[in-house]
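In what follows, a structure is listed as structure tokens, so that the remarks can point back to it.
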Amino acid sequence: MVTTLALPRLIARTQGSAGRIGAVTARDLAAVRHSGYWLVVISGFFEPVLYLMSIGVGVGGLVGDFTLADGSVVSYAAFVAPAMLAASAMNGAMAEATFNFFAKMKWVKLYDAMVATPLRPFEIALGELGWALIRGSLYSVAFLVLMVALGLTTAAWAVAALFASLLVGFAFGGVGMAISTLVRTWQDFDYIMVVQFGLFLFSGTFAPVESYPPVMRVIVEVTPLYQAVELIRDLTTGRLSWGSLGHAAYLVVVAVIGLAVAARRMNRILCK
Amino acid sequence: MPDEPLIHARGLVKRFGEFTAVDGIDVDVHRGEAFGFLGPNGAGKSSTMRMIGCVSPPTGGMLRILGLDPVRDGPQIRGRLGVCPQQDSLDPELTVTENITVYARYFGIPRRVARERAAELLEFVQLDERANDKVEPLSGGMKRRLTIARALVNEPELVLLDEPTTGLDPQARHLVWERLFRLRQRGVTLVLTTHYMDEAEQLCDRLVVMDRGKIVAEGSPRELIERHSTREVLELRFGEDALEIYTGKLAGIGERVEVLPDRILVYATDGDAAAKAVHDRQLSPSSVLVRRSSLEDVFLHLTGRTLVED
């Protein structure tokens, strides 16, 4: 009797949970319609485009074509563009998962009201991540359209890269939230920004990691943005390998750990 | 099952590290009641409310809400509760209506139903004219009423109100009371905390007096006054004099004398008779007031302290 009831109950619970997660995302969508927040969101699109144009295309004119580790030759812009996509997926997700998430939790006390409803902390985290991914995917779609237009990838690979960029957003969103639950003051966000910018510069974004000194190369290779850049670059340049799967698996693990830590810490903070 | 209490607590304990906020309380709240936790700040009322609201796991003892276990069945229980927290936790990025409709979605209420209920509830709390405004410009009383409306969107069986009128001006308080009174008439079970005795007297059928994490008395407001106080109270003031010297001089008048920093309370069945007795002893207070006993007096008698300490 108990076992026959367990499955439908589990399904009912999962459905309820999915609905609640969606409700949190819907809350963010409702909020973004008001105030000047739209402008902030839209501005996020221009950053990777400016980098792509100034460095990818501008500096690329000086660098010329580029031989990758496996011997294939691509233009410098085609080398830099996927890295910009990965970085913008990171930045978009981190903007929501750090600053905004922290403000909602500690300052506006938004989640205090939410935990009084059937919502559970991990559902809040997933719902917030849902919005972060929607925001990130808007940038990714626009940027990928630009890449296809400039001949830096094909439409088919661009679709694959879009899914990869969602995974990147998921991973950084999870990590960002986990960090935000540990952060005590606004000043700590400056450190996060510095780390993010460091990752942006050195994750095989503008130069291949093979050109770094061995020690630095090892350090870079364990950081998540490097994994994200490599995954997306494999896709946009059409060079999938088992290594690509490894990068994807790495990001999945990071996302799951980040979310688990975030949910645990939120539970600690909100349900004292 | 029909007579099962909505809230059933035995030996309920909440500790934060070394500090014991709730120290082994027994509470039963039945369907249709308006039940109050009366006590000063720090008595453990809010901690108790958070445990009942299933957002704070008990440290010890047993707690059943709607017959369910708050730790295991939290989401299920919370779906049937309405919570009005002490600090307004409205969503400042949303409009008045959205604050209710978006909140409704957290309960899995369909969009259309949410919109209908929002319209009804805003009318109920007299905010229908502000439906499309942002939340920020609303007054404290309006925000509190909106929070109450929001707490009702899932048609809860049990409504928890933590200090529903703290920080409101008298007019705003009366508006909130009136709305809560209407809810009570509809048969909604209300549980509220307060450190205002008039609030407890107006709204509660039954209440417990809490002090330092413990329940020190329980009953209806009238029962508590009868049991722990006299029918009337004579309040005496003696200008700038040190009041301690009057303790002896007033001995024997009324049933009991309490000396407060600014006044002396003489507990008596007949306040006027007590006032006459004071006069007969050639004492000349600067002011004399006879009033009915209140829960404030009950609290003072039980704990030796006043409710609102300043």
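Lettering follows sequence order; numbering is per chain, from 1.
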Problem - Nearest non-hydrogen partners of P57(B) and C271(A), listed with the distance - result: CD-O, 3.5 Å

Problem - Check: R120(A) and R78(B) side chains under 4.5 Å, non-hydrogen atoms - result: yes

Handout entry: Side chain / backbone / both / neither for L110(A) at chain B, heavy atoms under 4.5 Å
Key = side chain

Exercise for the section: Return yes when atom CZ of R186(B) has more than 12 non-hydrogen atoms of other residues, nucleotides or ligands closer than 6.0 Å, and no otherwise. Expected result: yes

Handout entry: Main-chain N/O of K272(A) paired to S56(B) side chain as donor or acceptor, under 3.5 Å
Key = yes

Problem - Residue part contacting chain B, namely of L270(A), when any heavy atom lies under 4.5 Å - result: backbone

Exercise for the section: Decide if atom NZ of K106(A) counts as having more than 12 heavy atoms of other residues, nucleotides or ligands within a radius under 6.0 Å. Expected result: yes

Exercise for the section: Side chain from CB out, backbone as N, CA, C, O: work out which of these in R150(B) comes under 4.5 Å of a heavy atom of chain A, or both, or neither. Expected result: side chain

Exercise for the section: For F16(B), look at atom CZ and say whether over 12 heavy atoms of other residues, nucleotides or ligands are found less than 6.0 Å away. Expected result: yes

Practice task
Report, as yes or no, whether the 6.0 Å neighbourhood of atom CZ on R264(A) holds more than 12 heavy atoms from other residues, nucleotides or ligands.
Solution key: no

Exercise for the section: Taking all non-hydrogen atoms of both residues into account, name the closest pair between E93(B) and A31(A) and its distance. Expected result: CB-CB, 3.8 Å

Practice task
Before accepting this row, confirm whether a basic side-chain N of the pair R27(A)/E98(B) lies closer than 4.0 Å to the acidic partner's carboxylate O.
Solution key: no

Handout entry: Q87(B) atom CD, over 12 foreign heavy atoms within 6.0 Å
Key = no

Practice task
Check whether any side-chain heavy atom of D112(A) sits under 4.5 Å from a side-chain heavy atom of P85(B), and report yes or no.
Solution key: no

Completion exercise
Value for CD1 (I21(A)) from OH (Y106(B)), rounded to nearest 0.5 Å, stands at 13.0 Å

Exercise for the section: Verify the neighbour count for atom CZ of R212(B): are there more than 12 heavy atoms of other residues, nucleotides or ligands below 6.0 Å? Expected result: no

Handout entry: Heavy atoms of other groups near R10(B) CZ, more than 12 under 6.0 Å
Key = yes

Practice task
Decide if atom CE of M193(A) counts as having more than 12 heavy atoms of other residues, nucleotides or ligands within a radius under 6.0 Å.
Solution key: no

Practice task
Measure distances from V55(B) to the heavy atoms of chain A and classify the residue's part below 4.5 Å as side chain, backbone, both or neither.
Solution key: both

Fill in the blank from the handout: Note: G79(B) and P118(A) closest approach over all heavy atoms is CA-CG, 3.5 Å

Handout entry: CG-NZ distance between L90(B) and K109(A), expressed to the nearest 0.5 angstrom
Key = 14.5 Å

